[in-house]
Amino acid sequence: MLESFVHVCLAGLSKGMFIWLVASGLTLIFGVLGVLNFAHGSFYMLGAYFCFSLLSHLGHNFWLGLILGPLFVCLVGYVVERYFLRYVYHIDLPYQLLLTFAFVLIFDDLVKVVWGAGSIGSPSVAGLSGSVRILGRLFPSYSLFIILVGPLVALGLWGLLEKTWAGRIIRAASSDREMASALGVRVPALFTAVFVFGTWLGAVGGGLAVPYVGLLTPGMGESIIIDAFVVAVIGGLGSLKGAFLGALIIGLLSSFGTRFLPTFDMFLTFILMAIVLLWRPQGFFGEEAAR
Amino acid sequence: MSEPLLRVENLSKAFGKVVTANGLNFELKAGELTSIIGPNGAGKSTLINVLSGSLSADGGRIFFEGQDITQLPIHRRVQRGLCRSFQVVNVFPHLSVFQNVEIPVLAVARRAHHFFRPVGGEAEVADMVRAVLERVGLAGQAQTPASALSHGDQRLLEVGIALAARPKLLFLDEPTAGMNPVERVDILQNIRRLSASGETTFVIVEHDMDVVFSLSDRVMVLHRGGLICDGPPDHVKGDGQVRECYLGEEVR
Amino acid sequence: MSRAGVYLIYGLAALALVAIGLFAGRFVLYLTMRVMLLAIFALGYNLLLGRTGLLSFGHGALYAAGAYGLGLFNLHVSHDPLLGLLVGVAFAALIALIIGFFCVRQTEIYFAMLTLAFGMMFFSLIWNLREVTGGDDGLIGISRAPLLGLPIGRDYQFYFLVLACFALAVWVIHRIRGSAFGLVLAGIRENHQRTSFAGIPVKNYRLAAFVVSGAFAGLAGSLATLLESNANPFSAHWSHSAEPVLVSLMGGLQTFSGPLVGSVIFVVLREVIERFTENWMLWFGVILLAIIMGLRGGVMGGLEKRLGRARAARPGGAS
């Protein structure tokens with residue numbers, strides 16, 4: 001019983017950390033730009049596919065692929081922000097959401113055109129492909145690795161935002177656009193930079209997912225973006241700390257749900273989201289919502 | 001008059017440590033044109049927001065015509081006859097002037113829920129709308145989109161929308177803000193005339209002391225969430241404490 | 001365009017639709033029915049989005065409520081199509097009432113996220129309660145029994161039921177938009193705070209708009225189930241809610257005819273693109289981008305501007 005409990009926890013943690021990797025970029029972009037980006041899941045998907053391709057061309061060096069792949073996606077993110085999103089910040093919410101939704105449609109089909117509509121099996125990573133024995137049962141070491149990466153990313157983001165000059169500017173711009181602009185911050189350039197950085201986070205999440213999910217499918221971005229939305233909402237839209245804890249909650253909830261209440265695991269996730277939106281629309285960590 | 005129009009008992013409201021209403025007690029009599037003044041941050045806007053229902057009170061009670069309305073939502077207060085206008089222009093920008101006034105009129109006439117009859121067919125409503133537009137002097141621009149009006153006319157429309165709800169008590173939040181002097185004289189005459197007609201009791205929040213002292217029957221001075229002076233204009237003018245709290249403040 | 005001109009266009013369109021029903025081949029017949037179903041869905045949806053200013057991701061679930069309401073009634077209770085449609089619409093309206101009761105407490109992005117959450121709850125129930133809903137297979141084998149003695153089994157017969165429902169929907173939604181209630185909804189979109197201060201219980205009106213638009217989504221869903229003789233679980237998915245948004249947006253959010261025109265463009269474009277490529281979503285995304293970046297206001301909005309019809313000049317000029 002205990003072993004099973006621990007393993008379900010570990011599975012939940014690794015799933016949660018994946019959602020966190022995607023939700024962190026989503027949250028950062030929402031916090032600063034005020035745009036809820038449907039296409040963020042597409043960046044995750046593109047990250048995965050780019051990494052996969054590089055992996056096949058670079059003689060199976062996963063880490064090199066993980067560094068280079070997301071950079072390509074950053075280029076895509078740059079184009080999306082600089083030439084499209086920038087022009088819709090001032091218009092109504094439906095248009096903003098739909099613009100990013102248009103990119104979801106485009107990227108989903110582009111992936112089908114380039115990589116084919118079917119699923120692609122992904123290779124395992126040398127050194128992390130084995131399993132570790134925990135309490136008498138095997139647990140994939142790559143999942144353990146992911147459980148470690150999640151908090152590292154969180155720590156890195158915290159350091160970046162709280163301890164660096166760039167982070168101070170980002171925080172200033174997110175709390176008051178006009179004021180930051182008046183103080184000489186080039187807000188449009190900053191927005192582009194934050195968007196590209198958020199894109200990079202999503203793409204790295206996708207790259208890391210390559211060995212984890214086993215199969216790459218053109219719809220993989222859409223399923224994770226909804227999880228990321230749920231997490232971002234539960235934590236409080238725009239709050240990174242909230243998104244991290246929200247991801248843990250959703251990861252564990254879904255892991256336990258799948259194990260003990262398989263009929264209702266999806267239902268549980270969304271009912272939690274609805275309850276939070278009704279009870280505390282600013283999220284569990286709403287006091288940080290301005291960030 | 002036995003029962004005052006509005007009675008406020010021990011009303012308090014604070015945002016964190018900032019107390020914006022500190023156990024206020026007062027009454028408003030029907031037909032008495034009252035002004036609320038005070039330096040910036042005195043709690044004037046908060047008071048209006050709490051009385052009209054935008055904010056909930058932390059403590060105390062509000063009675064309108066003898067009935068407790070402390071917990072009522074905005075639209076119920078409006079239905080009972082307590083309404084407000086806004087400091088910034090707050091109209092329906094893409095609707096015509098006529099439609100702007102039509103919405104509150106439909107609510108008053110209890111026709112707003114008619115979902116199948118063409119709204120143009122509500123003849124009584126149209127008459128009531130035209131009457132309101134006449135009163136505020138916008139009858140000639142009935143079909144203009146509100147966003148195309150001049151700033152002064154938008155302020156008039158603002159008052160028109162509030163009046164269309166047939167309020168017994170109407171709070172006007174800085175009705176002359178951003179107006180040019182001509183418009184200002186116009187709207188003040190309007191308010192005086194409407195007040196004299198007796199249908200609506202006006203309470204005005206103002207910065208402009210000329211406006212306050214020329215118009216009001218009664219002046220209430222707020223300072224740091226408390227009522228420091230209350231009485232006819234001449235009494236307030238001579239009050240030492242009032243001078244003191246305005247000292248150093250820009251008296252516009 | 002004059003009022004008479006508008007009536008003329010609607011009259012011609014009605015004639016054309018009847019003519020299609022009488023003379024067109026199966027393919028055109030089917031396509032026209034899909035256009036009308038989408039138009040019912042989008043017209044109802046736009047009452048919420050274009051009129052009241054609320055973006056819902058939960059209307060897929062309401063469409064599915066109509067589809068499964070009719071489907072389950074058809075399979076287990078009675079084959080009567082009229083009763084089935086009534087049950088489908090009533091069930092969709094009921095679900096809309098329940099979902100809406102909670103959702104209208106929030107606005108803007110929080111409303112959108114709430115409708116997403118409730119819609120996906122409904123989807124997860126359809127997906128997982130296999131014994132009742134058939135899970136990922138959906139409901140199959142739904143039959144079209146005669147309606148009041150008239151056979152509707154063949155597509156050219158069923159077409160006229162769809163046409164009748166479509167005409168009814170167009171007429172009812174047009175009346176609603178032109179009513180006092182419709183004006184109040186526009187007021188809520190423009191300035192909900194001010195609408196409260198006009199003495200209107202804003203939440204109740206939002207809820208009413210949500211239920212009405214949900215009922216039309218249910219009508220579209222029930223009819224689609226009769227047309228295809230099955231109910232599909234993916235119709236409840238949030239992404240299906242994007243369809244009426246796209247349609248309204250293409251045609252023009254702020255016009256009555258926008259969703260109608262948008263539905264025609266959507267269905268026809270999809271057919272045409274699918275002739276040439278499998279990747280119609282890609283082209284669809286590109287078109288959507290172009291619309292948002294360039295042609296805001298949609299086709300009908302653009303046309304209206306061209307024709308120089310200033311909004312306020314229209315009788316009862318609200319958009």
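This is a predicted model, so every value here is computed, not measured. Quick note on labels: first sequence line is chain A, next is B, and so on, each numbered from 1. Values below: every heavy atom of this structure, side chains too, minus hydrogens, waters and symmetry copies.
Under the side-chain contact (heavy atoms from CB on, under 4.5 Å) criterion, B/S56 pairs with B/K13, sequence neighbours left out.
Identified by a heavy-atom distance below 4.5 Å to chain C, the contributing residues of residues 64-76 of chain B are B/I74, B/H75, in residue-number order.
For chain C, no part of B/V105 is nearby; none of its heavy atoms comes within less than 4.5 Å. Heavy atoms of B/I161 lying under 4.5 Å from chain C belong to its backbone as well as its side chain. In this structure, the portions of B/A162 lying under 4.5 Å from any heavy atom of chain C include both its backbone and its side chain. Both the backbone and the side chain of C/V172 have a heavy atom closer than 4.5 Å to some heavy atom of chain B.
A heavy-atom distance below 4.5 Å is found between the side chains of C/L49 and C/V245. When side chains are defined from C-beta on, B/D153 counts as touching B/Q141, because their heavy atoms get closer than 4.5 Å. For the pair B/L194 and B/F202, the minimum side-chain heavy-atom distance is below 4.5 Å.
The candidate from B/A165, B/S54, B/A112, B/A148 with the greatest count of non-hydrogen atom pairs under 4.5 Å with chain C is B/A112. Note: B/V91 leads B/V97, B/V108, B/V91 in heavy-atom pairs under 4.5 Å with chain C. Between chain C and the options B/I103, B/L82, B/N90, heavy-atom pairs under 4.5 Å are most frequent for B/N90. Ranked by heavy-atom pairs under 4.5 Å with chain B, the list C/L185, C/V184, C/T195 is led by C/T195. Options C/G187, C/A208, C/G182 differ in how many heavy-atom pairs under 4.5 Å they form with chain B, and the most are formed by C/G187.
Between the C/S241 side chain and the C/G60 main chain, a donor and an acceptor come within less than 3.5 Å of each other.
The closest side-chain donor-acceptor pair between B/S147 and B/H94, if any, does not fall under 3.5 angstrom. A donor atom on one side chain and an acceptor atom on the other are not found under 3.5 Å apart for B/N100 and C/R194.
For an aromatic pair to be called close, the ring centres must be under 6.0 Å apart, and C/F181 with C/Y205 satisfies this. Taking the six-membered ring wherever Trp is involved, the centroid distance between the rings of C/F197 and B/F86 falls below 6.0 Å. Ring pair C/F256/C/H174: centre-to-centre distance below 6.0 Å.
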